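In this text, all values refer to a predicted model and were calculated from it rather than measured experimentally.
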There are 2 protein chains.
Amino acid sequence: MNLKQLSELLGLSQTTVSRALNGYPEVNEATRERVLQAVKETGYRPNKAAQRLATGKAGSIGLVMPTAPGHQSDVHFGEFLAGLGEEAVRHDFHFVIMPADPDDEVAALRRLAISGNVDAVFVAYMRGHDPRLAMLKSLSMPYVVHGRSFGSEPDYPYLDIDNEGAFYDATRLLLQLGHTRFALMNGPMHLDFAIRRRNGVISALAERGLTLEEGCMSHALMTDEQGLLAMEHFLQLPERPTAILCSSTVLALGAIRAVNQAGLRLGEDISLIAHDDVLPLLKPENFSVPLTTTRSSLRAAGVRIAQRLIGTVKHAGPFPDQELWKTELIVRASTGPAPRP
Amino acid sequence: MNLKQLSELLGLSQTTVSRALNGYPEVNEATRERVLQAVKETGYRPNKAAQRLATGKAGSIGLVMPTAPGHQSDVHFGEFLAGLGEEAVRHDFHFVIMPADPDDEVAALRRLAISGNVDAVFVAYMRGHDPRLAMLKSLSMPYVVHGRSFGSEPDYPYLDIDNEGAFYDATRLLLQLGHTRFALMNGPMHLDFAIRRRNGVISALAERGLTLEEGCMSHALMTDEQGLLAMEHFLQLPERPTAILCSSTVLALGAIRAVNQAGLRLGEDISLIAHDDVLPLLKPENFSVPLTTTRSSLRAAGVRIAQRLIGTVKHAGPFPDQELWKTELIVRASTGPAPRP
DNA sequence: GCGGTCATCCAAAGCGCTTTCAATTATGTA
DNA sequence: TACATAATTGAAAGCGCTTTGGATGACCGC
């Protein structure tokens with residue numbers, strides 16, 4: 001069933017039927033009713049491809065999913081997607097996901113954008129001086145970035161959390177508890193959030209005249225294995241750190257395993273604060289020693305970004321171009337006073 | 001830049017350019033070279049919407065993502081998606097993800113299929129007597145199902161793992177170790193895999209004249225919390241089970257927490273075998289007591305399903321309609337001889 | 001009774017591509 | 001040399017929808 005058939009069935013022109021369907025005012029209410037009724041009976045659905053060709057609108061937002069044979073799928077990604085989805089479903093939008101090799105993201109993003117398959121794109125895993133920004137700006141397609149790009153002019157639409165503030169506050173808490181030997185277990189160094197978190201830690205330490213040694217910093221993929229390795233390394237240092245800042249509860253998972261294996265007690269010998277993206281799988285309160293965390297829901301960020309993207313496409317009101325969310329610092333049992341030497 | 005402009009630029013007809021681009025044989029090689037060169041220089045990309053309208057092919061596969069405000073995002077889903085993506089990227093396919101309320105999946109699937117946005121669909125989280133099967137069959141669109149539907153005629157294309165066999169074998173192993181009191185921690189009862197796994201356990205037990213009490217079975221969402229709750233319940237039974245079969249490493253996470261909290265030792269007081277979907281986040285060998293598991297990679301299943309789907313759309317050779325993968329039973333430290341009474 | 005305003009509706013022109021049917025030229029064959 | 005055959009290329013007809021630019025009456029005020 002297509003428009004032509006439907007209009008013939010009704011004895012109307014395609015024009016009128018199309019207008020009735022799309023809520024144009026210049027069609028008689030009685031006629032509109034008749035059309036709507038016929039749609040119900042026949043189960044007519046407009047062909048999206050044709051609609052898109054005619055209007056240029058696709059009703060979908062696009063994103064690039066980094067993936068490769070060896071590439072670990074990222075829980076964070078799934079959680080974010082769930083947030084996007086939650087909002088998209090309310091507006092009858094869908095996503096187009098373009099899987100791409102992580103090395104090929106710029107090109108993949110461009111392909112996606114000019115494919116005509118999407119009305120807007122969303123970009124995550126921002127890096128310092130991210131090359132995608134220039135590309136996005138040249139594209140004249142709505143976009144929102146999750147995170148920011150350190151070193152780039154902040155003149156693009158983004159939603160980010162205050163990573164620096166979060167880790168600054170967390171570090172201050174540990175300082176107040178008397179800790180003096182710190183270590184930071186971070187995400188890959190080229191990623192924006194990792195840069196800012198490190199800066200947060202460093203500036204809080206600097207206020208007390210402390211510094212973060214190179215050996216007390218790890219930058220790695222946020223997997224539990226890397227957490228284990230990093231922590232094992234920290235624990236073997238001559239001046240073993242007593243305060244650990246950790247960029248993810250996933251890293252914390254491995255880190256705590258290392259702590260246990262070393263026969264140390266979390267919250268007593270070692271204090272640890274992790275950033276919590278509110279992954280359903282990894283609740284900080286469910287760790288054997290509940291984790292002190294800086295919290296910000298990744299899923300909520302997904303919802304918000306979808307809102308902004310879809311809103312922009314639909315020309316529904318203006319949206320703030322830049323949003324910076326504060327995180328919460330939630331104290332649980334994994335932090336305690338620095339052990340007496 | 002569109003086809004018309006490109007063809008004018010080249011002094012050729014749209015027909016010839018189109019054919020050159022799509023690899024038709026009836027175009028002179030020299031001409032084809034010239035066209036390809038021009039494409040490079042101009043950066044021309046065919047408009048997908050137009051292509052789709054003309055051919056009816058979309059170059060994408062669709063799937064429904066269950067999601068809702070309260071709905072927990074599922075790690076299993078993300079992992080599967082990664083597998084699909086890995087294969088899709090090789091063929092320049094993308095996905096269209098339609099987020100939908102879990103109660104609305106049949107309708108969402110239908111909408112997706114007839115939207116014209118996808119060439120094939122994929123369906124997961126199969127249930128007993130799944131109503132989506134009838135719908136899919138009526139659709140005349142290629143599809144592959146992950147899992148099967150207990151109680152339905154197996155005349156649809158699927159990829160499944162031998163859930164019954166896996167849990168049968170696991171149960172037998174525990175029987176051989178001398179266990180006699182069993183419990184099963186399963187996924188939601190309406191899901192096909194849960195039904196089959198339960199049957200596997202029951203039939204292995206039956207061979208020894210044993211049965212699985214109603215109280216020794218839990219059917220719940222596969223989250224660590226549910227694992228904790230279920231295990232706490234099991235541990236309070238008068239005849240406490242010593243052998244636990246567990247449908248997911250995620251459930252096991254919570255279950256083991258309960259075991260530890262009760263002061264029991266895994267692998268000694270309690271033996272546990274979990275099914276391992278090979279989630280990067282949850283490696284059985286990284287548990288404090290490494291887990292004995294039945295293993296089958298969810299990601300590999302994703303890759304394979306994408307292969308079949310894309311292959312079918314591209315008319316690339318015939319594919320087996322039904323595949324049943326065996327699982328591996330890998331013994332680690334979480335299983336041991338039944339404790340002496 | 002006439003120009004003017006509304007309220008409705010329609011014919012037809014795209015949107016950018018693929019594909020059928022035909023035309024044109026080059027190549028071989030008798 | 002004349003004719004069948006193969007190799008290339010094009011014109012034009014869709015694919016199913018939206019939208020522009022009129023029609024066609026009905027209704028009004030003068």
| task | Measure from the side-chain N and O atoms of A/S60 to the backbone N and O of A/F95, and report whether any donor-acceptor pair falls under 3.5 Å. | result | no

| Counting only side-chain N and O atoms of A/N2, is one of them less than 4.0 Å from OP1 or OP2 of D/dG16? | yes

| remark: Checking D/dC17, D/dT9, C/dT18 against the side chain of B/T16 (C-beta onward), the nearest is D/dT9

| query | Would one find a side-chain N or O of B/T55 under 4.0 angstrom from OP1 or OP2 of D/dC15? | reply | no

| What nucleotide, of D/dT8, C/dT18, D/dT18, holds the atom closest to the side chain of A/L3? | D/dT18

| task | Quickly work out the B/L12 CG to C/dT24 C1' distance and round it to whole Å. | result | 15 Å

| message | Tell me whether the rings of A/F122 and A/H146 are parallel (<30°), tilted (30 to 60°) or perpendicular (>60°). | response | tilted

| query | Is the number of heavy atoms from other residues, nucleotides or ligands within 6.0 Å of NZ (B/K137) greater than 12? | reply | yes

| said: For a quick test of reading the model: is some side-chain N or O of B/Y24 closer than 4.0 Å to OP1 or OP2 of C/dT20? | reply: no

| said: Students often get this wrong, so: under 4.0 angstrom with heavy atoms, is B/S18 touching a base, only sugar-phosphate, or nothing? | reply: base

| message | Looking at every heavy atom in both B/V39 and B/L6, which two are closest together, and how far apart are they? | response | CG2-CD2, 4.1 Å

| said: Any donor-acceptor pair, under 3.5 Å, between the side chain of B/R19 and the base of D/dG10, if you only look at N and O atoms? | reply: yes

| said: Without decimals, in angstroms, what is the distance between B/L21 CG and C/dG16 P? | reply: 16 Å

| Toward the 5' end of DNA chain C, by each residue's nearest nucleotide, B/L53 or B/E26 | B/L53

| request: Using only side-chain N and O atoms of A/T15, determine if any of them is under 4.0 Å from OP1 or OP2 of C/dC9. | output: no

| query | So, is A/Q51 near the phosphate of D/dG16, with a side-chain N or O under 4.0 Å from OP1 or OP2? | reply | no

| request: Answer yes or no: does a side-chain N or O of B/N28 lie under 4.0 Å from OP1 or OP2 of D/dA7? | output: no

| query | Under 4.0 Å between a side-chain N or O of A/S13 and OP1 or OP2 of C/dC10? | reply | yes

